[in-house]
Amino acid sequence: MGILGVGHFVPPQVVTNQDLLRFVDTTDEWIMSRTGIRARRRALPEQAASDLASEAAQEALRNAGVMASDLDLVIVATMTPDSPMPATACRVQHHIGAHRAGAFDLNVACSGFVYALAVGAQFIANGTYRRVLVVGADVMTKLMNWQDRTTCVLFGDGAGAVVLGAVERGFGILGIHLGSNGGGADSLFVRAGGSRLPAWSADVRPEDYYLQMQGQEVFRFAVQVMGEAALQALEAARLQPDQVDLLIPHQANQRIIEAARKRLNLPLDRVFSNVEHYGNTSCGSVPLALSEAHQQGRIQDNHIVVLVGFGGGLSWGSVVVRWGGIIKEN
């Protein structure tokens, strides 16, 4: 099983560091030196996760040469669903016209797309389905407290998608590693809106609906886990780090990306980064970077590509892909 096509979508509104200075106590130098982020995208008030996801999905379908009506399953990884129910995937399934496909959401925060990719691949591998659409999409700016410079400067909105199907032997997904440490759940969370603290609770404060993060704890976790997760997936694929053609890490922070690069001892040209332009788009991060890398010609047939994500949970995951091997159908 492998990737037949990729696509992505970001809202047109750009919020630069200079824009943030008008209402956040920060500087461009402070943001750049700590994160590597210059700008991020912001969805319109009326745009939700399913809108971004549907755009990315349609581009992935075009890239794969697959009709939406041929899809068997739609999986959407998101931590900012349109609503608590129904699943955002159901809205995407309807919007793109995948009328015979099943649909469900998956939430592992920023690790979500890698997890969803691993799950979707199993349906192909065991012969249950032929075509699976996997989307990562988030509108993180709607969870931001725009007075909290430790979080609002980091996140943006975006989506990416892949179409999965059968590929030639030796291509496609070669190794998977997933992990979590629930003991770190309180270092990155949204307190209100779930069954623990319902919206109607008398104890709910406005700030409880915003994303909250223990920045230093998350940074230390990410620096440690990113490279290790990639190595675990490479071991499962029986490959060595020097065989990696392109590492596509979760785009959360340039310093974390650099730590992962050093852990794998990869040259700069074998690591893809677009965090400067989009910030952290959570579930949209890895597929957005994957799609842009493919669009820029950074990924060629037979390339070994490693996708790595980490996020709330705390959670992490990595997938190794040998690109290409698409089976041409009559």
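The figures that follow rest on heavy atoms only: side chains count, while hydrogens, waters and symmetry mates do not.
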Looking at Gln300, is its backbone amide N or carbonyl O close enough to the side chain of His303 to form a donor-acceptor pair, meaning the two atoms are under 3.5 Å apart? yes
Could you give the distance from CZ (Arg131) to OG (Ser69), rounded to the nearest 0.5 Å? 11.5 Å
Is a donor on one side and an acceptor on the other found under 3.5 Å between the side chain of Asn253 and the backbone of Arg34? yes
Report yes or no: does Ser201 contribute a side-chain atom to a donor-acceptor pair with the main-chain N or O of Pro198 at less than 3.5 Å? no
Ser315 and Ser180: side chain donor to acceptor below 3.5 Å: no
Using 30° and 60° as the class boundaries, would you call the ring planes of His250 and Phe310 parallel, tilted or perpendicular? perpendicular
Considering non-hydrogen atoms only, spot the tightest contact between Ile96 and Ser54 and give its length. CG2-O, 4.0 Å
So does Thr141 get a backbone contact from the side chain of Arg42, meaning a donor-acceptor N/O pair under 3.5 Å? no
Would you indicate whether Gln224, at its atom CD, is surrounded by more than 12 heavy atoms from other residues, nucleotides or ligands within a distance under 6.0 Å? no
Can you tell me how far apart CG (Leu307) and CZ (Phe272) are? Round to the nearest 0.5 Å. 12.0 Å
So Asn17 and Arg40, do their side chains get closer than 4.5 Å, heavy atoms only? yes
Take Arg191 and Arg205 through the side chain to side chain contact (heavy atoms under 4.5 Å, CB included) test and state the conclusion after the steps. CA-CA 10 Å; Arg191 189 180 303 278; Arg205 305 164 300 169; 4.1 Å; yes
Given 3.5 Å as the limit, does a donor-acceptor pair link the side chain of Ser33 with the main chain of Glu29, or not? yes
Are side-chain N/O atoms of Thr80 and Asp138 paired as donor and acceptor at under 3.5 Å? yes
Pair Arg41, Tyr278 - check side chain to side chain contact (heavy atoms under 4.5 Å, CB included), show working. CA-CA 6 Å; Arg41 298 300 178 96; Tyr278 302 117; 3.9 Å; yes
Rounded at 0.5 Å granularity, tell me how far CZ in Phe9 sits from CG in Leu52. 5.5 Å
Side-chain heavy atoms of Met213 within contact of Thr151, under 4.5 Å: yes
Short N-O contact, Asp245 and Arg270, less than 4.0 angstrom: no
Using modelled atom types and a 3.5 Å cut-off, is there a donor and acceptor pairing between side-chain atoms of Asp19 and backbone atoms of Thr16? yes
Given 3.5 Å as the limit, does a donor-acceptor pair link the side chain of Asp82 with the main chain of Ala49, or not? yes
Would you say Arg149's side chain and Val24's backbone share a donor-acceptor pair under 3.5 angstrom? no
Before giving the answer on side chain to side chain contact (heavy atoms under 4.5 Å, CB included), spell out for Met140 and Thr281 the whole-Å C-alpha distance, their side-chain angles and the decisive distance to 0.1 Å. CA-CA 7 Å; Met140 296 300 294; Thr281 55; 5.8 Å; no
Does atom CD of Gln122 have more than 12 heavy-atom neighbours from other groups under 6.0 Å away? yes
Heavy-atom distance under 4.5 Å between the side chains of Met144 and Leu211, does that happen here? yes
Angle between ring planes, Phe104 versus Phe123, binned at 30° and 60°: parallel, tilted or perpendicular? tilted
Does NZ or CZ of Arg298 lie under 6.0 Å from the centre of the six-membered ring of Trp323, at an angle within 45° of the ring axis? no
Can you tell me if Gln13 uses its side chain to pair, donor with acceptor, with the backbone of Pro11 under 3.5 Å? no
Hey, could you give me the CD/CD1 distance between Gln251 and Ile257, rounded to the nearest 0.5 Å? 4.0 Å
Measure from the side-chain N and O atoms of Asn63 to the backbone N and O of Val6, and report whether any donor-acceptor pair falls under 3.5 Å. yes
If you count heavy atoms of other groups shown closer than 6.0 angstrom to CG of Asn265, is the number above 12? no
To the nearest 0.5 Å, tell me how far Leu268 CG sits from Glu258 CD. 6.0 Å
Test side chain to side chain contact (heavy atoms under 4.5 Å, CB included) on Val321 and Leu174; report intermediate values, then the result. CA-CA 6 Å; Val321 181; Leu174 306 180; over 6 Å; no
